[in-house]
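Below is one structure, written out as structure tokens, with a few remarks after it.
Below, each value reflects all heavy atoms present in this structure, side chains not excepted, and no hydrogens, waters or symmetry copies. None of these values were measured; they are calculated from a predicted model.
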Amino acid sequence: MLALVVEEVRYDFEEFPRYADDFVRDLLKLMIISKMNAAVKNPASANYFLYLVSQIDGCDAYVVKYGQPLLYAKYHGMEFTDQKVTSQFVRSKDHVIDVTMESVFGDFVKRFDSLASATKSKVKWGVPKEKDDKPDPLFALLDSFVGAVVTLTSLDPASKDSLVGKRFGIRNASMARKSLHIEFLVNGHLNILELNPGKKDKEDAAKLLFAKSEAAMAIAALTKQT
């Protein structure tokens with residue numbers, strides 16, 4: 001039986017506090033990419049997934065054959081699945097971020113930590129391959145979601161919407177046609193947000209499907225403000 005490898009790393013930006021937000025932003029992007037998936041047998045979902053991945057710098061798609069074949073992301077040589085590595089973080093102070101990484105594969109923990117901590121490998125998405133092409137609008141929604149989380153990790157802890165001192169993680173990011181369902185955890189409680197840039201009504205572009213926390217509702221509200 002494989003033992004779970006757990007690594008906890010503290011990133012302290014006391015000397016360079018303005019970098020703390022950038023670190024959380026890139027960490028969240030990496031966490032989302034590591035959980036992105038789509039069913040191969042659903043052409044609409046699979047094709048959209050492949051198109052999105054083509055607009056993420058250093059990213060490719062590959063097939064994993066579970067019960068049904070699924071597409072996952074291969075980012076800078078690291079092949080992700082929803083079971084390979086799990087990560088969560090807590091921002092306890094404005095400049096202190098504690099990151100927990102878990103995997104049954106020790107090498108994946110080390111590689112994920114390397115990607116998260118590398119100052120030169122900023123996560124770049126919404127980068128078209130062709131000059132005449134435009135960034136897919138889903139990336140604007142994803143940026144808004146990421147920005148919302150970053151904002152709430154700096155909010156006064158006295159606020160019910162604040163994420164300061166709360167454990168945050170991405171459990172899944174599955175493609176359903178042209179919608180992305182992001183399952184995220186706040187102190188272990190599951191919340192599900194649907195992102196669909198094709199919706200005419202801006203209110204429906206970021207729709208909370210399931211929520212167990214005030215912070216989740218705040219994240220959804222801020223994401224819609226894009």
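Leu180 and Ile192 fall into different hydrophobic clusters, where Ile, Leu, Val, Met, Phe, Trp and Tyr residues are linked whenever their side-chain heavy atoms come under 4.5 Å apart, directly or through other members. Hydrophobic clustering, with ILVMFWY side chains joined whenever heavy atoms are under 4.5 angstrom apart, keeps Ile219 apart from Phe210. Clustering ILVMFWY residues whenever any of their side-chain heavy atoms sit less than 4.5 angstrom apart, transitively, puts Val90 in a cluster other than the one holding Val99. Follow the hydrophobic side-chain contacts under 4.5 Å out from Val5 and you reach Met101 in the same cluster. Leu195 and Leu190 sit in two unconnected hydrophobic clusters of ILVMFWY residues. Membership requires side-chain heavy atoms under 4.5 Å apart, directly or through other members.
Between Lys224 and Ala206, the shortest heavy-atom distance links the atoms CE-O, 2.6 Å. Looking at every heavy atom in both residues, Val64 comes nearest to Thr81 through CG2-CG2, 3.7 Å. Here the shortest heavy-atom pairing between Leu71 and Ala61 reads CD2-CB, 4.2 Å. The nearest pair of heavy atoms linking Leu141 to Thr223 is O-CG2, 3.8 Å. Nearest heavy atom pair, residue Ser154 against residue Arg91, reads OG-NH1, 3.3 Å. Of all non-hydrogen atoms in Pro137 and Pro197, the two that sit nearest each other are CB-CB, 3.8 Å.
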Step by step, would you call Tyr11 with Phe89 a ring-ring contact (aromatic ring centres under 6.0 Å, His included)? CA-CA 10 Å; Tyr11 297 90; Phe89 73 90; over 10 Å; no
Under the side-chain contact (heavy atoms from CB on, under 4.5 Å) criterion, do Leu222 and Phe145 qualify, and how do the steps go? CA-CA 7 Å; Leu222 287 172; Phe145 169 77; over 6 Å; no
Take Tyr51 and Asp133 through the side-chain contact (heavy atoms from CB on, under 4.5 Å) test and state the conclusion after the steps. CA-CA 12 Å; Tyr51 182 65; Asp133 211 352; 3.1 Å; yes
Does Val40 form a side-chain contact (heavy atoms from CB on, under 4.5 Å) with Leu70? I'd like the steps, not just the answer. CA-CA 5 Å; Val40 173; Leu70 294 172; 5.6 Å; no
CA sep, side-chain torsions, deciding dist, call: Leu208, Glu194, side-chain contact (heavy atoms from CB on, under 4.5 Å): CA-CA 6 Å; Leu208 202 55; Glu194 180 185 67; over 6 Å; no
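With sequence neighbours excluded, the residues forming a ring-ring contact (aromatic ring centres under 6.0 Å, His included) with Tyr19 are Phe16, listed by chain and number.
If you run side chain to side chain contact (heavy atoms under 4.5 Å, CB included) between Leu115 and each of Asp26, Leu30, Leu27, only Leu30 comes through.
Judged purely by distance below 3.5 Å, without hydrogens or angles, the side chains of Asn37 and Asn172 pair a donor atom with an acceptor atom. Side-chain polar atoms of His95 and Asp12 form a donor-acceptor pair below 3.5 angstrom. For the residue pair Arg171 / Thr86, no side-chain donor-acceptor distance below 3.5 Å is found, with atom types taken as modelled.
Side chain of Ser144 to backbone of Ala140: no donor-acceptor contact under 3.5 angstrom is found. For Asn47 (side chain) and Pro43 (main-chain N/O), a donor-acceptor pair under 3.5 Å exists by modelled atom type. Remark: side-chain polar atoms of Gln55 are paired, donor with acceptor, to backbone N or O of Lys134 under 3.5 angstrom.
In this structure, the ring of Phe80 has its center no less than 6.0 angstrom from the ring center of Tyr75.
Atoms NE2 and CG, on His76 and Asp57 in that order, are 6.0 Å from each other to the nearest 0.5 Å. To the nearest 0.5 Å, the span separating SG on Cys59 from CE on Met36 amounts to 7.0 Å. Taking CZ from Phe105 and NZ from Lys110, the interatomic distance works out to 14.5 Å, rounded to the nearest 0.5 Å. Taken to the nearest 0.5 Å, the CE atom of Met175 stands 7.0 Å off from the CZ atom of Phe49. Between atom NE2 of residue His189 and atom OG of residue Ser213 there is a gap of 8.0 Å, rounded to the nearest 0.5 Å. To the nearest 0.5 Å, atom CD of residue Gln88 and atom CG of residue Leu185 are 6.0 Å apart.
Using a 4.5 Å cut-off on side-chain heavy atoms (C-beta onward), Leu163 and Leu155 make no contact. A heavy-atom distance below 4.5 Å is not found between the side chains of Ser87 and Glu102.
Residue Lys166 places its NZ atom among more than 12 non-hydrogen atoms of other residues, nucleotides or ligands, all under 6.0 Å distant. The environment of NZ in Lys160 is sparse: at most 12 heavy-atom neighbours from other residues, nucleotides or ligands sit within 6.0 Å.
Of the charged side-chain nitrogens involved, at least one lies within less than 4.0 Å of a carboxylate oxygen, so that Arg10 and Asp98 count as a salt-bridged pair. Taking the charged nitrogens against the carboxylate oxygens, Asp21 and Arg25 have no contact shorter than 4.0 Å, which rules out a salt bridge.
Judged by the 6.0 Å and 45° rule, Lys178 forms a cation-pi pair with Tyr48.
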